[in-house]
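The structure under discussion appears below in the form of C-alpha cells.
Read the numbers this way: they start at 1 and go in the same order the structure lists the ligands and their atoms.
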Amino acid sequence: MESPNPKAVVTQLVRKPQIIPSSEHGICRADISENALKVLYRLKNAGYGAYLVGGGVRDLLLGLKPKDFDLATDAHPEQIRELFRNCRLIGRRFRLAHVHFGREIIEVSTFRASHNDATAGEGHEEDGRIIRDNVYGKLDDDVWRRDFTVNALYYNIEDDSVVDYVGGIQDIRDRQLRLLGIPEDRYREDPVRMLRAVRFAIKLGFEIHPISRQPIRDLAPLLEDIPAARLFEEFLKLFMSGHSAETYSLLREYGLFAILFPQTEEMLCHGNEYIHKLLTSAFKNTDKRLAEDKPVTPAFLLAALLWVPVRNLANDHESNGLSEMDAIHLASDAVISHQIRSTSMPRRFTHMAREIWALQTRLKNRRGKRPLRLLTHQRFRAAYDFLLLREEAGEDLQELAEWWTKFQQEHMEVLLAAKKEHLKKRLRRRPKRSR
Ligand code: ATP
Ligand code: MG
C-alpha cells in the first residue's frame, strides 16, 4: 500500500490553524530580544508578514529563555537585504538572511514549501539532508518542513497571536515531542532529527511520542552518512548545554551514541564498568560547572570519551616494547584519526585531549624538579582534574591524587604565576577583531 502523504494526514486533523490570542499564550514582547524585535518591526512596517518561529516561541511558551531567535517571513532574501544594512545572505541553494547586531545574529528565513508529494522525486543531498526542490511558499507551507510540532509555532508580530497548524500548543501542554509527518520518512530525509529528538526531550523534559520514538533504533545507522563536521556541531549542542549526563543515557538507549563514538561504545558493550563510571562522572562534572557558570571545554569530555580506547591500545603497544610515552602518543594518533571519521573535531580540541593523556604519564613521575616544572604546564590543571576523575571512577590513584593536591597548595605562587603567563600569551595570540 502506498504510504499517505503526511501533509494530507495532518491537515485532515487540523484543517484550519488555531490562532491563540496574546491574552491566552503568555508571551510578551519584552521576552523577545531587542534585536529580534527590531527586525520583526522593520519587516512588518515594510508590509511583510513577520513571525518569530521555532525554539524562540517554544521556549517562551514554556517560560524558558530562548538560546536564539529565528524569524520567518514572506519577504524574499533580496528584499530582506534591502531593509537591513547589517544583513548577509548565506546558503547556496536556499538563501537565508543573517542580520548582524554585534555578536547576536538574527536568522530570517523566507517561507518555504518543500514538496513531499511523489512528483518531487527523491531530491538531492546537501549536508546530509535530502533537499527536495524547495520553492518559496506561504506560512501554511513553511509549517510542514519543520521537525517537531512544538517547533512549528509562529508568533505573529502584527497582533501578538500564536499560529498553530499542527497541534503544537497541545503537545507543549502534554509535554511531548511529536515529529511532523511520517517519522520514518522524516528521519530518512534528515537523520540529524534523531539527535534533535533526544536533545529536545532532555532539554525540555518532554517525552518523545511513541510513534516518533519507535523507528530511531533501526534508523540510527543513517547518521553515518552525515558529514562529520555537522555531527560535531550536534555533539557540542548535545553535550555542552548542561544536561550531558542524561543526554548520554538516552543516546545510548536509542543506539545513537554508538554512531557518534563507535570506539567508546565498543568498550561499553564489553561491560566495562570503569568506563561507564568515568563517563558519568565527566558528564556530571561538566553539567555542574556549566550550572555554576564556570568555563568548560569539549576537549576534556573528548579526553574522557576516548581515554579507555587510548589506554587499551597504549597498553598493547607497551607490551610490544614501546616506551610508555611513545605508546600513548601512538595510541592517541590512532584513536583520534578513527574518531574524526564519525565526528570531526577542531585541532585545538584534539590537541588538548592528547596533552591531557600524555600528562597522565608525567604526573606519575615525582622525582627532582619535575613536579615543579609540571605545575607551569598550560594543561596541568586539566590533567590533574582528569587524574581525579580516573580515581573517582575506581582506579587506584588515591595516593597520587592526594600528593598532587598537597603539592599545589604548597606551591600556590608558582601556579598563579604560570596562570598569569598563560593568560598573557593567550591575549598576545588572539587575533585583532576585523572591522
Ligand atoms: P534551539 O535553538 O534551542 O537549539 P530550535 O528549535 O530553535 O532549538 P534551531 O536549530 O535553532 O532549533 O532551528 C530553528 C527551527 O528551524 C526549529 O525550531 C525547526 O522549526 C527548524 N529546524 C531546524 N533544524 C531542522 C531540521 N533538521 N529539520 C526540520 N526543521 C528544522
Ligand atoms: Mg533556535
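Heavy-atom distances between Arg58 and ligand 1 reach below 4.0 Å in at least one pair.
Atoms of ligand 1 lying under 4.0 Å from at least one heavy atom of Arg145, given by number and element, are 29 (C), 30 (N). Listed by atom number, the atoms of ligand 1 under 4.0 Å from Arg199 heavy atoms are 4 (O). Interface atoms of ligand 1 facing Lys203, defined by a heavy-atom separation under 4.0 Å, are 3 (O). Ligand 1 places these atoms under 4.0 Å from at least one heavy atom of Asn151: 6 (O), 18 (O), 19 (C), 20 (O). Atoms of ligand 1 lying under 4.0 Å from at least one heavy atom of Gly55, given by number and element, are 5 (P), 6 (O), 7 (O), 18 (O). Atoms of ligand 1 found under 4.0 Å from any heavy atom of Gly54 (numbered from 1 in listed order, with element): 18 (O).
Within the 2.8 Å limit, Glu107 places no N, O or S atom next to the Mg ion (ligand 2).
The closest approach of Asp68 to the Mg ion (ligand 2), by N/O/S atoms, is made by OD1.
Ser161 and Asp159 form a side-chain donor-acceptor contact under 3.5 Å, judged by distance and modelled atom types alone. Side-chain N/O atoms of Arg29 and Tyr41 include a donor and acceptor closer than 3.5 Å. When only modelled atom types and interatomic distance are considered, Tyr384 and Thr405 share a side-chain donor-acceptor pair under 3.5 Å. A donor and an acceptor atom, one from each side chain of His276 and Tyr248, are located under 3.5 Å apart.
If you look at Asp190 next to ligand 1, the close heavy atoms, those under 4.0 Å, all belong to the side chain. Both the backbone and the side chain of Arg146 come within 4.0 Å of ligand 1, judged by heavy-atom distances. Using a 4.0 Å cut-off between heavy atoms, Asp68 contacts ligand 1 through its side chain alone, with no backbone atom that close. When heavy-atom distances to ligand 1 are checked against a 4.0 Å cut-off, Asp70 comes that close only through its side chain, counted from C-beta outward. At a heavy-atom distance under 4.0 Å, only side-chain atoms of Phe200, from C-beta outward, approach ligand 1.
Phe261 and Phe239 have perpendicular rings, their planes meeting at more than 60° on a 0 to 90° scale where under 30° would count as parallel. Ring orientation note: the planes of Phe148 and Phe200 are nearly perpendicular, at an angle over 60° on the 30°/60° scale.
For the pair Arg146 and Tyr165, the cation-pi criterion (under 6.0 Å, within 45° of the ring axis) is not fulfilled.
Within the model, atoms CG of Asp59 and CG of Asp31 stand 11.5 Å from one another, a figure rounded to the nearest 0.5 Å.
Backbone and side-chain nitrogen or oxygen atoms of Lys237 are examined, and none is located within less than 3.5 angstrom of a nitrogen or oxygen of ligand 1.
The one candidate from Arg186, Arg196, Arg178 that meets the side-chain hydrogen bond (donor to acceptor under 3.5 Å, both in side chains) condition with Asp147 is Arg196.
Checked for salt-bridge contact, Glu234 and Lys237 meet the test: a charged N lies under 4.0 Å from a carboxylate O.
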